[in-house]
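Below is one structure; the comments refer to it alone.
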Amino acid sequence: MGKFATVAVCTLDQWALDFSGNKTRIISSIQEAKSLGARLRSGPELEICGYSCEDHFYENDTILHCWEVLAELLVHPACQDIIIDVGMPVMHRNVTYNCRVAFLNKKILLVRPKMILCDDGNYRETRWFTAWRKVRETEDFFLPRLISVITGQLTVPFGDAVLSTVDTCIGFEICEELWHPKSTHVEMGLDGVEIIINGSGSQFELRKAYVAVDLVKSATSKSGGCYLYSNFRGCDGQRVYFNGGSCISLNGDILTRTQQFSLDEVETVAATIDLEDIRVYRNKFRSRTLTASSSPSYPRIKVDFALSSPSHLEGFQNLTLPIVWEYHTPEEEICLAPAIWMWDYLRRSVQGGFFLPLSGGVDSSSSATLVFSMCTLVFNAVEQGDTQVLSDVRRIVGDGSYKPNSPKDLCNKLFVTCYMGSENSSRETRERASDLARDIGSYHLNISIDTAVSAVLSIFCLATGRTPQFRSKGGGPRENLALQNIQARIRMVLAYLFAQLALWVRNRTGGLLVLGSANVDEALRGYMTKYDCSSADINPIGGISKMDLKRFLHYASERFNLPILTKIVAAPPTAELEPLKDGQLVQTDEQDMGLTYAELSDLGRLRKQNACGPYSMFVRLLRTWGSTETASEVARKVKHFFQYYAINRHKMTVLTPSFHAETYSPDDNRFDHRPFLYNAKWNWQFAAIDKELLSLEQKKNNRDVLNASPGKTVSGEQAVVV
């Protein structure tokens with residue numbers, strides 16, 4: 001006999017400290033859950049205040065306002081006759097915990113604090129929260145008076161407990177507890193908990209989407225049961241994009257999911273399950289039943305409420321069947337995630353669009369293409385009747401009746417591009433920039449910076465009586481670099497001038513956000529001028545490697561019918577800051593850096609992902625580069641990389657806030673904490689490389705001697721004569 005229960009998860013695009021907007025989105029998700037027939041609704045981690053409040057979690061105001069929102073949820077008509085689980089910070093006995101609060105019909109059932117906190121990568125949860133360490137224990141939590149007057153409760157259970165309804169048992173995990181080697185869902189499952197709720201705040205990284213899915217499937221495959229995973233989606237005020245992908249799993253299968261990439265602020269999905277399927281699955285797993293028979297018990301909070309229908313047949317026809325999870329390619333992820341992140345940033349920053357210095361190279365063209373991808377997503381949402389997106393568009397462009405007729409039309413409203421040429425710029429890059437701007441529809445300008453460069457240099461010459469020269473005209477390295485940097489920095493100054501006044505010229509109010517276009521590899525190497533066009537308001541490609549950007553542009557050329565992108569990828573990367581020779585380029589990025597972009601990706605991953613210093617990196621690269629490079633050449637490149645990494649690390653302290661996408665990002669703000677003043681000689685580390693290199697050369701010489709004189713003993717080794 002079946003016991004059919006409908007449960008729901010949601011994906012919300014919350015915003016840190018936007019209590020009013022967050023409350024509205026939570027209520028919308030509850031209404032959607034009830035319309036789908038759900039009797040249980042779960043949401044993301046810290047959904048009431050938003051995940052990225054950071055040091056605002058220290059403020060009593062943040063906790064107070066969360067209770068105020070919860071008070072309104074408790075009395076809202078939509079929040080009746082359904083078990084609701086929301087996330088918020090709670091202070092208990094002067095300690096702040098990251099909590100789930102479960103309530104039903106104006107009664108709080110349980111406050112469940114997070115037991116395992118996350119401090120990896122961008123996460124710093126122990127800075128603001130404390131983990132609950134009292135396993136399977138609860139304490140009395142005294143409710144704030146504004147809640148007590150609604151619920152009629154003085155205290156409620158606080159701690160590690162589960163909800164026991166009339167027909168099933170519900171447990172809780174919070175984000176990191178699913179990732180941890182000793183996940184609590186195992187012990188809860190052994191104690192008969194059948195439905196496990198996980199409110200999560202999982203962030204996007206390229207090629208990472210499968211991780212959470214595999215963990216959810218594994219949890220229910222190994223232990224049986226139903227797992228409800230809810231996550232945020234979008235930008236809630238930080239450099240990260242929350243990954244969406246909320247889902248419901250049953251006995252190792254995924255039943256339903258939300259989208260990873262979407263402009264929807266609220267997306268709710270539900271699944272109808274047979275609780276008896278969980279019991280049959282577990283009971284057939286005989287070694288599990290033996291372990292379960294002696295498993296310690298969780299405190300159970302009795303709830304006089306049923307998730308299932310009293311009829312054994314009602315709902316049978318609506319049982320949710322398993323689905324196959326289809327993942328996006330990395331190129332699709334790059335096309336979608338930064339675009340949605342930019343849209344959230346734009347509409348919430350109350351600006352009128354974006355300004356981009358468009359050079360015609362891979363990096364700036366990638367940023368431009370991502371804006372066009374954003375415009376395409378926005379246009380499609382408007383065409384599909386998304387009134388919230390249309391309202392945001394009209395507010396941004398300052399026209400209450402505007403409705404875009406194409407992505408290009410919208411791009412022209414939101415996006416200003418500018419080719420800032422000089423006497424060192426080539427005709428080819430100017431044409432590529434103009435062609436791309438035409439094809440995506442941006443409002444494009446073509447200017448020369450030579451007058452401004454000459455004016456600045458004239459001030460220097462007048463003050464010092466000296467005139468610096470480029471290397472090609474007899475100047476030294478310092479002169480050559482200074483003359484390049486002044487061009488780059490003037491472009492930054494002009495970018496902000498045009499960003500402030502471009503809409504004024506077009507008879508519109510507001511200003512534009514300046515977009516950066518320095519990729520993760522150049523940031524790692526420090527191959528950028530401090531306070532040049534890498535200095536912007538936000539950078540959509542700052543966490544993406546050059547190799548991935550090239551693959552993305554190939555994909556986008558087909559996806560958006562932009563054949564000019566193929567030509568841009570094929571062109572040699574160049575800063576065009578040194579004089580041309582007979583109208584042709586003499587400067588390329590890889591030649592300037594002394595490393596290829598592919599090599600930089602390898603070096604970056606070893607430095608961050610594998611935690612390699614110079615010596616360990618050298619040893620590792622001997623294995624991967626050894627077939628094409630000599631040991632001495634590998635040593636030279638490793639030393640070269642670390643010298644320039646050390647010299648330029650100070651640039652990371654002022655790096656433009658960049659969309660986080662890559663696990664070897666050098667972002668100094670949160671992800672990659674390092675000194676910014678190094679001993680760039682790396683004396684001890686490089687000496688270790690030299691010692692290893694000498695040892696390798698001696699071994700090679702010994703082998704050469706052995707090969708030349710078979711049968712002789714060298715260094716204690718007896719050669720074998722065949």
Side-chain angles (χ1 to χ4, degrees), residues 13 15 204 233-236 239-244 259-265 328 331-356 358 363-384 386 388-397 402-417 436-437 439-444 499 503 510 512-517 536-544 549 552-553 555-557 559-562 565 656-661:
D13 188 357
W15 190 9
F204 170 86
R233 182 173 57 216
C235 168
D236 80 337
R239 292 160 169 80
V240 299
Y241 171 87
F242 286 94
N243 209 30
Q259 299 174 79
Q260 185 181 6
F261 306 112
S262 171
L263 299 185
D264 292 341
E265 288 196 327
H328 293 278
E331 293 75 26
E332 290 171 331
E333 290 184 321
I334 293 171
C335 186
L336 296 168
I340 298 171
W341 181 78
M342 284 194 294
W343 173 245
D344 274 352
Y345 197 100
L346 174 61
R347 69 194 182 95
R348 289 171 170 171
S349 66
V350 199
Q351 297 299 304
F354 295 113
F355 179 90
L356 174 70
L358 182 60
D363 294 333
S364 63
S365 296
S366 295
S367 292
T369 304
L370 287 173
V371 175
F372 186 68
S373 175
M374 181 198 79
C375 291
T376 302
L377 289 168
V378 171
F379 173 76
N380 290 340
V382 171
E383 288 293 287
Q384 293 164 11
D386 192 321
Q388 179 62 55
V389 173
L390 180 59
S391 174
D392 287 333
V393 169
R394 288 173 171 172
R395 177 174 50 81
I396 292 168
V397 302
Y402 173 71
K403 184 177 181 180
N405 57 48
S406 69
K408 288 180 66 173
D409 174 49
L410 182 61
C411 197
N412 185 264
K413 292 281 189 180
L414 299 181
F415 194 28
V416 176
T417 53
L436 178 58
D439 290 348
I440 65 175
S442 67
Y443 183 87
H444 188 61
L503 294 185
L512 301 173
L513 293 164
V514 179
L515 290 182
S517 56
D537 294 313
I538 57 172
N539 181 357
I541 69 164
I544 306 174
L549 288 174
F552 158 64
L553 289 183
Y555 163 80
S557 68
R559 168 69 179 81
F560 299 119
N561 190 26
L562 299 172
L565 294 178
T656 294
S658 300
F659 171 80
H660 177 77

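All residue numbers in this chain count up from 1 along the given sequence.
Two rings, from Y241 and F261, have their centers less than 6.0 Å apart.
The closest side-chain heavy-atom distance from Y555 to I334 is not below 4.5 Å. Considering only heavy atoms from C-beta on, M374 comes within 4.5 Å of F354 through its side chain. Within the 4.5 Å cutoff, the side chain of D537 has no heavy atoms near those of the T656 side chain. Counting heavy atoms from C-beta on, the side chains of L436 and L565 come closer than 4.5 Å. Side-chain contact check for W343 versus L263: some heavy-atom pair is nearer than 4.5 Å. Looking at S366 and L553, their side chains come closer than 4.5 Å, going by heavy atoms from C-beta outward.
Put simply, CG on L513 and CZ on F355 are 12.5 Å apart, with the number rounded to the nearest 0.5 Å. Summarising the geometry, atom CD belonging to Q260 is positioned 10.0 Å from atom CD belonging to E332; distances are rounded to the nearest 0.5 Å. For the atom pair L346 CG and Q351 CD, the distance stands at 8.0 Å (nearest 0.5 Å). Here the CG atom belonging to L370 is positioned 11.5 Å from the CD1 atom belonging to I340, to the nearest 0.5 angstrom. Here Q384 contributes atom CD and D264 contributes atom CG; the two are 8.5 Å apart, rounded to the nearest 0.5 Å. From R239, atom CZ reaches atom OH of Y345 across 9.0 Å, with rounding to the nearest 0.5 Å.
A side-chain donor-acceptor contact under 3.5 Å links R395 to the backbone of R347. With hydrogens and angles ignored, the 3.5 Å screen pairs a side-chain donor or acceptor of R348 with a backbone N or O of C235. Listed for the N380 side chain is a donor-acceptor partner under 3.5 Å among the backbone atoms of T376. In this structure a side-chain-to-backbone donor-acceptor pair under 3.5 Å is present from R394 to Y402.
Minimum interatomic distance between V371 and M342 (heavy atoms only, all atoms of both residues): N-CE, 3.7 Å. Here the closest non-hydrogen pair linking G516 and P540 is O-CD, 3.6 Å. Between W341 and S658, the shortest heavy-atom contact is CH2-C, 4.2 Å. Across every non-hydrogen atom of A339 and C335, the tightest pair is CB-O, 3.5 Å. Closest of all the heavy-atom pairs between D386 and V389 is OD1-N, 3.1 Å. The two atoms that bring P407 and F379 nearest to each other are CD-CD2, 3.7 Å, heavy atoms only.
Ring planes of F659 and F204: tilted class, angle from 30 to 60°.
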Which is it for S517 and S367 under the side chain to side chain donor-acceptor pair (under 3.5 Å) test, yes or no, and what are the steps along the way? CA-CA 6 Å; S517 56; S367 292; 4.8 Å; no

Decide side-chain contact (heavy atoms from CB on, under 4.5 Å) for F552 and T369; before the verdict, give the C-alpha distance in whole Å, the side-chain angles of both, and the deciding distance to 0.1 Å. CA-CA 10 Å; F552 158 64; T369 304; 3.8 Å; yes

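Between Y443 and the options L503, L414, T417, V416, a side chain to side chain contact (heavy atoms under 4.5 Å, CB included) holds for only V416.
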